Every structure is written in structure tokens, then in C-alpha cells.
Number of protein chains: 2
Amino acid sequence: MAVRGSASKETVKPKPLDRDRIVSAALRLVRREGIARLTMRRLARELDAGAMSLYRHIADRDDLLLAMLDHVAQSIQVPAPQADETAEIMAVMKAFHDTFRTDPWLVGVLLNEGQASLHILPLVERIFSALYRLGLEGEQVIEVYLLLIHYSYGESLSFETAGKRKHLLETFGVAAADRYPASAAAMSAARGWQYREFQPNIARILKAITPRQTV
Amino acid sequence: MAVRGSASKETVKPKPLDRDRIVSAALRLVRREGIARLTMRRLARELDAGAMSLYRHIADRDDLLLAMLDHVAQSIQVPAPQADETAEIMAVMKAFHDTFRTDPWLVGVLLNEGQASLHILPLVERIFSALYRLGLEGEQVIEVYLLLIHYSYGESLSFETAGKRKHLLETFGVAAADRYPASAAAMSAARGWQYREFQPNIARILKAITPRQTV
DNA sequence: ACCTGAACACCGTTCAAGT
DNA sequence: ACCTGAACACCGTTCAAGT
């Protein structure tokens, strides 16, 4: 048994706390058990520290969440630039999507903490730039940007909570098929469906803003 | 001063608790102070009851949230049917959007509680029906449905937390305009913008699924 | 300088006890 | 039958005290 402060050279001897060690441990915890289980006390226990020692290195829980956000944002795999504008936007959105799949709690942090990491600026720039090159103007650019972003927020949150969600089919019940035939048809088409709506739906959005061929 | 159980005929004499009174009080509280302030103890105080009396009428907090969801779903203003399919979908989505504007906390409940109210089935049916009439098939129907729903989730959650969010422009800082010209242009186009992305964006989505004129 | 236990003001919920 | 206070097992955070 490891005794705190024992003379034996244990590898578990308490390393000093620092911001990086706290953020890393928090990320590990959140990925293993979900954001709801990330409490200051639990995190401290994970670090073999007193619950209050964390406050030497982080201001409060929000500060921790923002530090975690920043850490993840820095690690985003930046996709290669694409000549074609829609391919460029698809690539950047896929990078965001992949990030939200690994860390779905990020969306909640982005919404609740009210600020993003500065590390995503280059990626955001690539989207705006492509939208301008596609010929969008004025408020259209913001609107379409928000369509892309808000859709990916909703999709990610939905995926995050998909586990505890009853399939619509169950909620409906079998009897409802008579009264709601289109819903029933859609539900049965969705059976065994691979939940890969994201890419086709981004493509749909981009199709809507691409000027139609007028020959 | 009203004395509990006094003989005087006060209007504040404790009415008996029941499910409806609890749900109504919870809705009032949540609309006034936000979902975070809806705690069992606070709600009980609002009803001049002991904190634990609520549990005679509701199973737990989740049960209460679902009851609130159901109440709101029943009160949705059902829009008149539209002959044109895209107009029909626009109308139904507007009804959802209006509902989420009044009660943004609904989205969180829908995501976290993992079930919707049966009262929205007629509205969902109208969307699926219109999508089929537009010629969509198989998984396309589900994909586009989820595009519409997930976008409106993201938009609503974003609106809910818009107050505490710093405008991207502030996060960027002025200096960043050199490195990120497209972002800066978009941000300044967004200045004074009316945050009415929803309708145009639903229209964009529908445009993408409408077959192009091939003359 | 760095860490921490006790304490404060909260949570949701259980349970035995009151009327 | 209906209500409730005390209690349990949690939260985030403050603050005075320890080394």
C-alpha cells in the first residue's frame, strides 16, 4: 500500500499540481465518464489531491472548462486547403464535426461559456473566405455560417444524448402507424440506418447556396 | 400578516397541491428565471409548500420536466395546412421555432430526457408527408428531417445563451482583422444584424431539396 | 509557496414521522 | 390521505489554518 509521504521510492509519489496536469486529468475524466461526472472534488481525487488544491491553479470550474476547450481546439487536425470552395467548407466542417464527436461536451461549453478558443480562428476564416468566394454578400455570409455552425451544434448534441433517447418509433407505438403514415414510413426507413446525416446534410446546405447553372 | 392556518378568510390559504398546479408554477418560474433556477426546493417555496410535498404528485425532477414539456407541446399554435410543400414545412418549422423562442429550455429537455411529447406527432407527420410529396425517398427523408430539427435545436440553444456570449468580434480583437480579413468583413456585416437567420435558413435547406428546373 | 480541512450555502431524494 | 422535517450523499467555493 502506498503511504502518503513514505520513504520508499514509489512512482505514485505526489507530483506537484499544475495547470496542465489538471486540464489533462479533466479531459481524461470527461472522456471516460462524461461531463456530468466532472466535479471539482472528483477531479481532485483523481489527482490524489485535496479538493481545494485545484483552486491554486484554476480560478473556478468555468476557467477549467475554457482551458479544456482551448486544449482541444489546439489539437484539431487542420485539413489541407481545397481549391474548390464547397470542398473547402466540407473539409473544415468535417474537422469540427470530428472534434465534436470525440468531445461532445465541447458544444455545451461553447454555448454556456460564451466564448470560443482563438485557435479556431484560422478555420473560421477559411469558411468565411470560401463563402465570399462563392459570391455571398452582406448578411448572407453570416446567415449561412450560422446555418452550418448551428446545425453542427444540434447534430452533435443529439448524437451525445442519442444513447438515452428512445427511438421515435417506440414513442409512437405501433398503433400510431394508421394515423401517421408518413412518420411510420420514415421511421421504418430509418431502421438500421447508419446515423451519418452530417456529410450529406452539409452538402445539401452548400448546394442551396451554389448558384444554379443558367445556360 | 398571513398566519398559516389562521381563522381569517385569507385568499392565500394553502390550496391543496396537485400535478397541474405544480407544473404551472414550474413553467412560471422557469420562464421568469431560467431553467437553472428551477430546483425542487425553490419550486416548493413558490407554492408555499414543504420541499418534499411535491413528491406526492411527481416522481422526480425528470418527471416534472416531461410534464412541463407535455404542457407546452399541447399549447403549440398549429398552423393552417399549406398546399405548397415548402410552405407547409416552413409553417410547421416556424411553429417549432416560435415555441423554442418562448421556452428555450425545451430543447435541453428534449435532448436530455430522451423523449418528445406525443402532442407533436401531427406536426411531425406534416413534415414527413411534405418531404415524401417533394419526392424524397428512403434515408433522404430522415436526413433532411434531422437537418431541419437539428438546425433548429442549435439555433434555439444559441439564442438562449446569446446573452452571455461575447460577440465574435470582441473575441477576435481588432488586430486580428489583418490576419483574418474574411472573418473581419463578416463580423462587420453582422454589426447591428437582426438575428433573424431562421426563416431564410430553413428556406435555404428547402431550396436544396427542391428538384432543379430542367427545361 | 503550496496545499488543505472545515464550513457555507446550496442540490435531489429517502424515509420515518406527523396531522 | 396528505404533508413534512431531518437526514444522506452530493455540489462549487471561501477562508483560515497548516507545512
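Keep in mind it's a predicted model, so treat the numbers as computed, not measured. Only heavy atoms go into these numbers, but all of them, side chains included; no hydrogens, no water, no symmetry mates. Chain A is the first sequence line, chain B the second, and so forth, proteins listed ahead of strands; every chain is numbered from 1.
The structure places CD1 of A:Ile209 at 8.5 Å from CG of A:Leu147, a figure rounded to the nearest 0.5 Å.
Heavy-atom neighbours of B:Arg196 CZ from other residues, nucleotides or ligands within 6.0 Å: at or below the threshold of 12.
A straight line from CG of A:Asp63 to P of D:dG12 spans 14 Å, rounded to a whole angstrom. Residue B:Ile22 contributes atom CD1, which lies 12 Å from atom P of D:dC2 at whole-angstrom precision. Here the C1' atom of nucleotide D:dT4 and the CG atom of B:Leu17 are 11 Å apart, to the nearest Å. In this structure, the CZ atom of A:Arg45 is 16 Å from the C1' atom of C:dT4, given to the nearest Å. B:Leu43 places its CG atom 17 Å from the P atom of C:dC10, with the value rounded to the nearest Å. To the nearest angstrom, P of D:dC2 lies 16 Å from CD1 of B:Ile58.
For the pair A:His57 and C:dC2, the criterion of a side-chain N or O lying under 4.0 Å from OP1 or OP2 is not met.
Checking B:Ser152 against B:His97 by side-chain atom types alone, no donor-acceptor pair falls below 3.5 Å. If you check the side chains of B:Tyr151 and B:Glu197, you find a donor sitting under 3.5 Å from an acceptor.
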Given A:Arg179 and B:Glu125, is the salt bridge (Lys or Arg N to Asp or Glu O under 4.0 Å) satisfied, shown in steps?
-> CA-CA 9 Å; A:Arg179 264 181 298 168; B:Glu125 173 71 10; over 6 Å; no
Decide yes or no on side-chain contact (heavy atoms from CB on, under 4.5 Å) for A:Gln82 and A:Met90, but give the supporting numbers first.
-> CA-CA 9 Å; A:Gln82 307 289 316; A:Met90 292 282 297; over 6 Å; no
Is there a salt bridge (Lys or Arg N to Asp or Glu O under 4.0 Å) between B:Asp63 and B:Arg19 once you walk through the steps?
-> CA-CA 11 Å; B:Asp63 185 37; B:Arg19 216 163 199 275; 2.6 Å; yes
Pairs under 3.5 angstrom, nitrogen or oxygen only, protein versus nucleotides 13-19 of chain D, please.
from: D:dT13; atom 1: OP2; to: A:Tyr55; atom 2: OH; distance (Å): 3.0
from: D:dT13; atom 1: OP2; to: A:Arg61; atom 2: N; distance (Å): 3.0

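At a threshold of 4.0 Å, the pair B:Glu33-B:Arg42 counts as salt-bridged, since one of the basic side-chain nitrogens sits closer than that to a carboxylate oxygen.
Both key distances under 3.5 Å define a Watson-Crick or G-U pair, and stretches of 3 or more such consecutive pairs in DNA chain D run C:4-8 with D:12-16, C:12-16 with D:4-8.
When heavy atoms are screened at a 4.0 angstrom cut-off, B:Thr39 is found touching the sugar-phosphate backbone but no base atom.
The two residues A:Leu111 and B:Ser158 come nearest to each other via the heavy atoms CD2-CA, 3.7 Å.
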